[in-house]
Protein chains: 2
Amino acid sequence: MSSIKDVAREAQVSIATVSRVFNNPGVVSDQTKTRVYSAAEKLKYTPNFSAKTMRKSIVGTIIVMIPDISNTFFIDIVHGAQDYAEMRGYNILMGRFDILHFDLRKYVELVKSKAADGIVMALGHNRHFASVAEAKNIPIVTIEEKFMENPYIYVDNSEAINKIVEYLISKGRTRIGFLGFKSEKERLFAFKNSITKNGLEYDEELVKKGDEFGEAVYTSAREYVETILKNGKIPDAVVCASDVLAAGVIKWLIKNGLRVPQDVAVTGFDNIEVAELVHPGITTVEQPREIMGREAARLLINKIEGQEVAKKIGFRTRIVIRDSA
Amino acid sequence: MSSIKDVAREAQVSIATVSRVFNNPGVVSDQTKTRVYSAAEKLKYTPNFSAKTMRKSIVGTIIVMIPDISNTFFIDIVHGAQDYAEMRGYNILMGRFDILHFDLRKYVELVKSKAADGIVMALGHNRHFASVAEAKNIPIVTIEEKFMENPYIYVDNSEAINKIVEYLISKGRTRIGFLGFKSEKERLFAFKNSITKNGLEYDEELVKKGDEFGEAVYTSAREYVETILKNGKIPDAVVCASDVLAAGVIKWLIKNGLRVPQDVAVTGFDNIEVAELVHPGITTVEQPREIMGREAARLLINKIEGQEVAKKIGFRTRIVIRDSA
DNA sequence: ACCTCCCTTGAAAGCGATTACATACATGAA
DNA sequence: TTCATGTATGTAATCGCTTTCAAGGGAGGT
């Protein structure tokens with residue numbers, strides 16, 4: 001690889017001039033610029049990234065961390081962040097964390113060693129990770145999670161659940177069940193509130209806290225269906241805290257001879273691809289995932305570049321009506 | 001941020017010694033080591049990444065490029081690559097490309113500027129991108145795609161399709177249709193071969209080349225179903241080149257009153273989450289995605305580190321039988 | 001003709017590390 | 001005691017680039 005020195009020699013100018021041609025072309029004469037450009041082209045010169053960032057305080061790379069699950073929900077967030085980051089001239093370093101044994105230190109280290117400038121954490125429903133003392137003083141933005149004093153992006157889960165419940169009620173459903181997550185309380189809480197607020201009875205037996213990730217999700221859905229079948233108390237609608245859960249519930253209801261939505265309406269949450277693909281299509285809540293990713297990246301980059309940023313940014317959700325409810 | 005110089009001063013040693021403590025601790029005395037460690041701790045010293053890589057020839061970052069679509073297929077590949085890369089001390093820089101207007105240059109530039117060491121491209125079925133002259137002489141490994149003279153990872157599509165076809169035949173299906181991709185010929189070709197080889201008639205009217213990505217996939221599936229319905233020639237089985245296509249076909253068949261698999265069996269390809277989630281579950285072909293990602297990373301890192309690597313590595317597929325066929 | 005001022009360019013310091021080479025000291029062999 | 005050897009550490013060059021400071025030279029003003 002040829003360096004700035006080689007180009008300088010080839011163009012018969014100093015290395016300072018070569019540097020200027022690429023970083024501050026305005027100050028150098030046209031004639032010199034031409035010479036430098038053609039020398040650079042001839043030698044296939046590409047400025048060395050490390051050398052450059054060693055002199056600058058900003059690297060131009062941000063880390064986006066998502067849980068170690070394959071879920072398009074998180075991918076959209078990454079995409080959104082990436083689009084925005086690219087616009088601002090930043091690259092994305094993919095971080096990944098094990099939802100149960102989460103070690104943030106590695107990534108904090110990456111930022112401290114100036115391999116990256118900051119971190120976006122898309123946490124979903126993970127409440128397991130501990131605070132990391134080292135994580136102080138490095139730029140972090142989280143999504144759907146508050147982490148220390150850092151800015152975060154969130155959606156109004158209560159409002160979303162309430163919208164879903166009221167939609168079901170407007171369709172004449174009165175015995176509404178809920179399948180949520182073990183480690184996420186907000187949606188269940190919102191569900192309970194919404195049910196009582198609307199004058200319905202909150203029935204513990206129609207409510208279950210399932211698993212959030214991996215194969216266990218399917219199992220949770222199946223168990224939920226088996227339970228209500230065994231209890232003989234069949235709800236006329238089930239609100240699920242994710243589309244994957246909803247798809248599972250639909251599948252097992254149908255397998256057991258129930259019709260969706262005629263016998264039981266089912267709603268999801270997230271509006272990922274699955275919601276469109278299954279039959280019947282899932283009525284669900286859409287969160288602006290790409291935009292949330294963008295905004296997280298925006299906050300982070302602004303923070304990295306020393307600007308004041310908002311403490312938090314909230315987004316509203318939107319109900320997507322399909323055939324399942 | 002404190003630098004090696006600060007630590008040296010604090011520990012009353014030279015910077016060379018500090019560097020040795022972190023890179024080659026064997027040669028420095030225990031006493032000195034202790035002094036340096038505590039000085040480093042006190043000053044919260046973290047070695048600067050750029051400064052380090054400026055002296056080394058290897059950066060420790062590889063780029064993994066996947067199409068700009070949300071598909072768990074590619075995510076698993078990234079995960080596999082990431083696991084392996086981490087083991088070897090490398091980070092993953094997420095690349096992303098627009099499946100239609102693909103510009104490799106940006107990422108090639110990243111490698112040339114030594115922001116990363118090499119590229120893994122998971123191409124799926126994209127045949128659109130042009131060769132990039134600049135991409136010569138940089139370490140690249142592709143998945144499911146041959147790109148210039150670079151090593152690649154592949155699966156035996158013909159064998160997979162043949163296995164699926166023969167499975168269907170063994171279940172008594174004789175009028176088998178195919179829904180493939182516009183830009184991928186291999187699977188269609190394999191299908192045609194398999195059909196004739198097994199003494200069945202290859203019927204153009206039961207074959208369609210659909211879209212591969214995004215919303216257009218659903219449309220392709222719907223159009224396929226509409227076409228066969230309109231023609232009045234209903235196959236008793238449909239082989240689809242992806243699970244998403246298969247899910248779409250199942251959905252539209254059911255909507256039109258046909259039963260899956262009783263009236264029409266449907267098979268997919270990939271074994272992504274969707275195959276498990278929909279009802280009926282999709283019988284499909286599984287590719288070892290994570291392992292493919294791992295192997296790609298392994299080849300790439302070996303190449304980066306100057307070892308000889310295989311020209312290509314093939315994987316066999318496995319049929320996953322569910323209810324749709 | 002002389003002095004400013006601006007435009008362009010070069011020289012050199014410095015970013016934070018690694019590492020080849022040199023040096024100092026202790027140890028054991030002769 | 002002397003010398004060779006090995007161990008621990010320091011000195012300084014170097015990686016490739018940015019940036020400050022200085023300087024050369026032409027243009028314009030007086």
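What you see below is based on every heavy atom in this structure, not just the backbone, and it leaves out hydrogens, waters and symmetry mates. Letters A, B, ... are given to chains in the order of the sequence lines, protein chains preceding strands, and every chain is numbered from 1. Here the structure is a predicted model, which means the values were calculated and not measured.
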**OP:** Considering only NZ, NE, NH1 and NH2 on the basic side and carboxylate oxygens on the acidic side, decide whether A/Glu295 and A/Arg298 come within less than 4.0 Å.
**Re:** yes

**OP:** For the pair A/Asp83 and B/Arg96, find out whether any cationic side-chain nitrogen is under 4.0 Å from an anionic carboxylate oxygen.
**Re:** yes

Original post:
Any chance the side chains of A/Ser113 and B/Thr46 put a donor and an acceptor closer than 3.5 Å?
Top reply: no

Original post:
Given D/dT18, is OP1 or OP2 found less than 4.0 Å from the side-chain N or O atoms of A/Asn23?
Top reply: yes

Please classify the nucleic acid contact of [X] as base, sugar-phosphate, or nothing, using heavy-atom distances under 4.0 Å.
{"X": "A/Val13", "answer": "sugar-phosphate"}
{"X": "B/Thr46", "answer": "sugar-phosphate"}
{"X": "A/Ser19", "answer": "base"}
{"X": "A/Tyr45", "answer": "sugar-phosphate"}

Original post:
Looking only at heavy atoms, which two atoms of A/Lys33 and A/Pro25 are closest? And how far apart?
Top reply: NZ-O, 3.3 Å

Original post:
Which atom pair, heavy atoms only, marks the closest approach of A/Ala81 to A/Val64?
Top reply: CB-CG2, 4.1 Å

Please report the distance, rounded to the nearest Å, between [atom1] in [X] and [atom2] in [N].
{"X": "B/Met54", "N": "D/dC17", "atom1": "CE", "atom2": "P", "result": "9 Å"}
{"X": "B/Ile4", "N": "D/dG10", "atom1": "CD1", "atom2": "C1'", "result": "13 Å"}
{"X": "A/Ile15", "N": "D/dT20", "atom1": "CD1", "atom2": "P", "result": "15 Å"}
{"X": "B/Asp30", "N": "D/dT9", "atom1": "CG", "atom2": "C1'", "result": "15 Å"}
{"X": "B/Gln12", "N": "D/dG10", "atom1": "CD", "atom2": "C1'", "result": "14 Å"}
{"X": "B/Ile58", "N": "D/dC15", "atom1": "CD1", "atom2": "P", "result": "18 Å"}

Subject >> Bounds of contact between DNA chain C and chain B, in 5' to 3' order, using a heavy-atom cut-off under 4.0 Å >> reply: C/dC15 to C/dA20

Subject >> hbond_proxy A/Arg20 side chain to D/dT20 base (donor-acceptor, 3.5 Å cutoff) >> reply: yes

Subject >> Sequence neighbours excluded - side chain to side chain donor-acceptor pair (under 3.5 Å) pairs with any residue from residues 303-315 of chain A >> reply: A/Arg88-A/Glu305, A/Tyr90-A/Glu305, A/Asn150-A/Lys303

Subject >> Test applied, side-chain contact (heavy atoms from CB on, under 4.5 Å); reference residue, B/Leu93; option that passes from B/Asp117, B/Ile62, B/Leu110 >> reply: B/Leu110

**OP:** Taking the side chain as every heavy atom from C-beta outward, state whether A/Met121 and A/Val141 have any atom pair closer than 4.5 Å.
**Re:** no

Original post:
With side chains defined as the heavy atoms from C-beta onward, is the minimum distance between B/Val309 and B/Leu300 less than 4.5 Å?
Top reply: no

Subject >> B/Thr32, nearest nucleotide to its side chain (from D/dG16, D/dT9, D/dA12) >> reply: D/dT9

**OP:** Please give the angle, rounded to 10 degrees, between the axes at the start and the end of the helix from C/dA1-D/dT30 to C/dA30-D/dT1, where five pairs define each axis.
**Re:** 50°

**OP:** Please tell me which of A/Lys56 and A/Lys5 maps to the more 5' nucleotide of DNA chain D, matching each residue to the nucleotide holding its nearest heavy atom.
**Re:** A/Lys5

